[in-house]
Every structure is written in structure tokens, then in C-alpha cells.
Amino acid sequence: MKQFDLYEPTSVSEAAGLLNQFGAGAKVVAGGSDLLGGVMKDWVQGKGMPLPTQIIDLTTIPNLTGVTTSSDGLHIGATTTLTDVIDSADVQKSIPLLSSAAATVASPLIRNFGTLGGNINQRPRCWFFRGENFNCYKKGGDFCYSVTGDNRYHAIIGGELCYIVHPSDTATALLALNASAKLSGPSGDRTVAFDQYFHGPREDVLTENVLRPNEIMTEVVIPTPAAGAKMAWNKLKDRQVYDFAVVSVATVFTVDGSGNWQDGRVTLGGVAPVPYRAQVVEDAMKGKNIQQTIKQAAAQIRTVARPMSLNAYKIDLVQGLIERTVLQALG
Ligand SMILES: Cc1cc2nc3c(=O)[nH]c(=O)nc-3n(C[C@H](O)[C@H](O)[C@H](O)COP(=O)(O)OP(=O)(O)OC[C@H]3O[C@@H](n4cnc5c(N)ncnc54)[C@H](O)[C@@H]3O)c2cc1C
């Protein structure tokens with residue numbers, strides 16, 4: 001493990017000030033399950049990705065944790081553990097989709113200290129990115145090893161330059177719930193909808209989102225879903241113990257009295273460098289009877305999928321999982 005200095009700020013402004021002061025050498029940590037246990041212990045580094053020398057602990061900031069309700073929906077502090085998200089009565093009552101998605105993350109032990117902010121901002125699990133010997137685009141190199149290598153878990157949609165899939169289960173659910181992230185930095189606070197938070201390799205191959213190096217995610221805001229909204233989550237893994245999604249589907253939608261899709265979202269994990277909104281599926285459902293249309297609507301995902309040499313199997317998986325998840329939500 002590379003040596004580092006640990007800072008324990010007691011306010012967001014102090015933490016953001018430290019990030020600003022130390023620049024590229026500093027990183028925030030919450031539970032540490034990815035930054036310390038993964039990236040740093042595995043020496044995941046390159047010229048575009050120096051390992052941090054200053055670590056700023058966010059868990060020493062008292063008001064960054066907990067679930068609160070307000071007129072604009074639920075607010076979840078960034079350092080709230082995944083277990084506390086899952087167990088929150090407010091989350092279970094108003095947005096059970098998030099509770100279900102968080103419950104499929106990792107193992108109980110990791111969920112007890114891994115946080116929502118850390119889960120959303122964790123780095124990709126691509127084995128070339130994580131491998132010490134591969135100087136890929138994401139680390140400042142000039143090649144994506146998945147193009148010629150073992151790409152069975154890589155992107156089937158939106159891969160360009162780099163073919164990672166976004167690893168966060170909660171991010172896929174939060175995108176379906178039309179959530180936003182509150183960010184705080186030296187130049188002030190801003191709110192970014194999850195629709196705009198994540199970006200693909202074309203926008204910036206070194207990062208997965210718009211968080212600036214001197215900013216902190218302070219909370220996630222989830223608007224109260226429409227009355228009677230249907231929602232469901234499903235995740236397919238290679239094995240039944242803890243694992244990242246091979247593919248996952250989250251959906252939130254409203255239905256009229258005749259069983260027709262009114263409005264809503266279908267989002268996918270494990271298929272793209274970002275949590276992916278399957279608008280082709282949503283558009284095919286709009287105003288149509290869900291029972292009668294879902295099969296053809298789910299098949300629309302084939303029109304945007306561009307598989308690599310070893311991952312075409314994901315297209316069938318995700319098509320089937322979209323159909324299953326929408327019907328499950330419908331009840
Ligand atoms: C064995 C194992 C299995 C896993 N399985 C899954 C899985 O199935 N699904 C899944 O989604 N995840 C999985 N994970 C990832 C795990 O869920 C996340 O690592 C955990 O939720 C991250 O939370 P953390 O607080 O420990 O993050 P940390 O390691 O503390 O931080 C992760 C990253 O986020 C940044 N960060 C943290 N908090 C903030 C913040 N508030 N603002 C800005 N940046 C921040 C850090 O700088 C770091 O880059 C797994 C991890 C392991 C080790």
C-alpha cells in the first residue's frame with residue numbers, strides 16, 4: 001500500500017478546501033472499500049491517474065449522513081451506509097427500488113461500511129483498468145485492451161475508446177428515480193441531475209462523471225414518485241454470492257386505468273460506461289398496453305446494442321431482464 005497522509009475534516013468546506021489545496025494528489029474517502037481496499041492496494045495508477053498522497057476522510061463530517069424527508073423528496077447524505085439506506089423506513093416506503101438495488105450490492109459486511117456516495121463514485125471494475133500491467137486509456141495510456149482481449153463483461157452500448165461498464169447498482173436505480181446529486185466545492189454548491197452526472201469516454205476517458213477534482217458529493221435528492229408509481233429492480237450476476245451486475249434493470253413508471261404506460265424510465269446497469277437510460281424501450285411503451293407491448297418494446301434494445309467479440313450474450317440477457325422487470329413492477 002502506498003503511504004498517505006490522512007485528514008479528518010469536520011465540515012464540507014474544510015474538506016473541499018483540502019482538496020483544493022492538494023490538487024491531483026488528494027482524494028476523498030468514505031468507507032474505503034474501493035479507494036483503499038481496491039484502487040490503492042492494487043496500485044491502479046498511470047500518468048493520468050496518480051495514486052493519492054493525501055486522503056480526506058468524509059466520515060468525520062457529522063452532517064453528511066442520514067435520510068431526511070422534505071417537500072422536494074428524500075435527501076440521503078453521501079456518507080450514509082448502504083445498510084442504513086436499505087433499512088430506512090422512508091426509503092422502503094417511498095422508493096423501495098433503491099432499497100432493493102442497494103441490497104444487491106456486495107456483501108453485508110461491505111454494505112455496513114460502504115456508503116452511497118462511495119458506491120456512486122466508485123471506479124470501474126474492468127480487469128484491464130484494475131490490472132497493474134495494463135496502461136489503458138483510463139489511466140492515461142493509449143489503448144483499450146478489451147478490444148482485442150477478454151471482453152465478456154464489457155460494454156455493449158456506448159463504448160468508444162474505452163469499453164468499461166459502470167459498476168454502481170445504486171446509480172442505475174437513482175437514474176430510474178430521476179434523482180439529483182448535490183455537489184459542493186470551493187466555488188460553491190451545485191445540483192446535477194443523474195441524467196447529466198455520468199459521462200462516457202468521449203467526454204473524458206479519465207473520469208466517469210462531472211464531479212470536479214475539488215468537489216464533494218454531499219447528498220442525493222430523490223423526488224417523491226408520482227402517486228401509484230410502479231417500480232422494480234433486477235440484477236443478474238455470474239454467481240449467487242456477492243458480485244457486480246452482468247446486467248441489471250431498474251424501472252419506475254405510471255400506468256393508466258387500462259394498463260397503458262403513461263410515463264417512466266427503464267435504466268440499465270452492466271451494459272454501458274454510464275448507467276444507461278433505455279429510451280428506445282420507454283418510447284416503444286409510451287401510451288401502449290404494457291402486457292401486450294413489453295416483449296416488442298424490450299427487443300428495441302437490440303437497435304442500440306453494438307456487442308464486442310465475447311459479449312453478445314448480454315443482449316439476450318438484458319432484453320429478457322427488461323421484460324421481466326417491467327412485468328414484475330406491473331404486478
Ligand atoms: C468485494 C466487493 C464487491 C462489490 N460488489 C459490488 C456490487 O455488487 N455492486 C456495486 O454497486 N458495488 C459493489 N462493490 C463496490 C462497493 O459497493 C463500493 O466500493 C462501496 O459502496 C463504495 O463505498 P465506499 O464508501 O467504501 O467508497 P470509497 O472506497 O470510500 O470511495 C469510492 C470512490 O468514491 C469517491 N467518493 C466517496 N465518497 C464520495 C463523496 N461523497 N463525494 C465524492 N467522491 C466520493 C472516493 O474518492 C473513491 O474514488 C463491491 C466492492 C467490493 C470490495
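In what follows, every heavy atom counts, from backbone to side chain, and hydrogens, waters and symmetry copies are set aside. Everything numeric here is computed off the predicted structure, so don't read it as measured data. Order of listing sets the numbers, starting from 1, for every ligand and every atom in it.
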Return yes if a side-chain donor-acceptor contact under 3.5 Å exists between Asp90 and Thr69, otherwise no.
no
For [atom], which of the options [options] provides the nearest non-hydrogen atom?
atom: atom 33 (C) of ligand 1; options: Asn121, Ile55, Leu58; value: Asn121
atom: atom 16 (C) of ligand 1; options: Ser184, Gly114, Ser33; value: Ser33
atom: atom 7 (C) of ligand 1; options: Ala181, Ala106, Ala171, Ala102; value: Ala106
atom: atom 28 (P) of ligand 1; options: Ala15, Gly32, Gly77; value: Gly32

Which ligand 1 atoms, with their elements, are less than 4.0 angstrom from a heavy-atom of [X]?
X: Thr104; result: 8 (O)
X: Ile110; result: 1 (C), 2 (C), 52 (C), 53 (C)
X: Tyr242; result: 1 (C), 3 (C)
X: Lys235; result: 7 (C), 8 (O), 9 (N)
X: Ala30; result: 25 (O), 30 (O), 38 (N)
X: Leu211; result: 43 (C), 44 (N)
X: Gly117; result: 38 (N)
X: Asp243; result: 7 (C), 8 (O)

Atom NZ of residue position Lys41 - does it have more than 12 heavy atoms of other residues, nucleotides or ligands inside 6.0 Å?
no
Can we say [X] and [Y] salt-bridge, meaning some charged N sits less than 4.0 Å from an Asp/Glu carboxylate O?
X: Arg125; Y: Asp34; value: yes
X: Arg123; Y: Asp42; value: no
X: Lys288; Y: Asp283; value: no

Which residue and atom name correspond to the protein heavy atom nearest [atom], and how close is it?
atom: atom 23 (O) of ligand 1; answer: Thr115 N, 3.3 Å
atom: atom 48 (C) of ligand 1; answer: Leu35 CB, 4.0 Å
atom: atom 42 (N) of ligand 1; answer: Met217 N, 2.9 Å
atom: atom 27 (O) of ligand 1; answer: Gly118 CA, 3.4 Å
atom: atom 13 (C) of ligand 1; answer: Phe244 CE2, 3.1 Å
atom: atom 9 (N) of ligand 1; answer: Asp169 OD2, 2.8 Å
atom: atom 47 (O) of ligand 1; answer: Val28 O, 2.5 Å
atom: atom 15 (C) of ligand 1; answer: Gln122 OE1, 3.2 Å

Heavy-atom donor-acceptor pair, [X] side chain to [Y] backbone, under 3.5 Å:
X: Glu203; Y: Gly200; answer: yes
X: Ser180; Y: Val221; answer: no
X: Arg265; Y: Leu175; answer: yes
X: Thr325; Y: Trp233; answer: no
X: Asp256; Y: Gln262; answer: no

What are the two closest heavy atoms between Arg152 and Trp127, and how far apart are they?
NE-CH2, 3.8 Å
Using every non-hydrogen atom in the two residues, find where Cys126 and Ile164 come nearest and quote the distance to one decimal.
CB-CG2, 3.8 Å
Report the part of Pro167 (side chain from C-beta onward, or backbone N, CA, C, O) that has a heavy atom under 4.0 Å from ligand 1; answer both or neither where that applies.
backbone
Under 3.5 Å between any N/O of [X] and any N/O of ligand 1: does that happen in this structure?
X: Phe113; answer: no
X: Asn119; answer: yes
X: Lys27; answer: no

What class does the angle between the rings of Phe143 and Tyr145 fall in, given that below 30° is parallel, 30 to 60° is tilted and above 60° is perpendicular?
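Because their plane-to-plane angle is over 60°, the rings of Phe143 and Tyr145 count as perpendicular.
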Centroid-centroid distance, Phe22 to Tyr7, less than 6.0 Å:
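Aromatic pair counts; centres sit under 6.0 Å.
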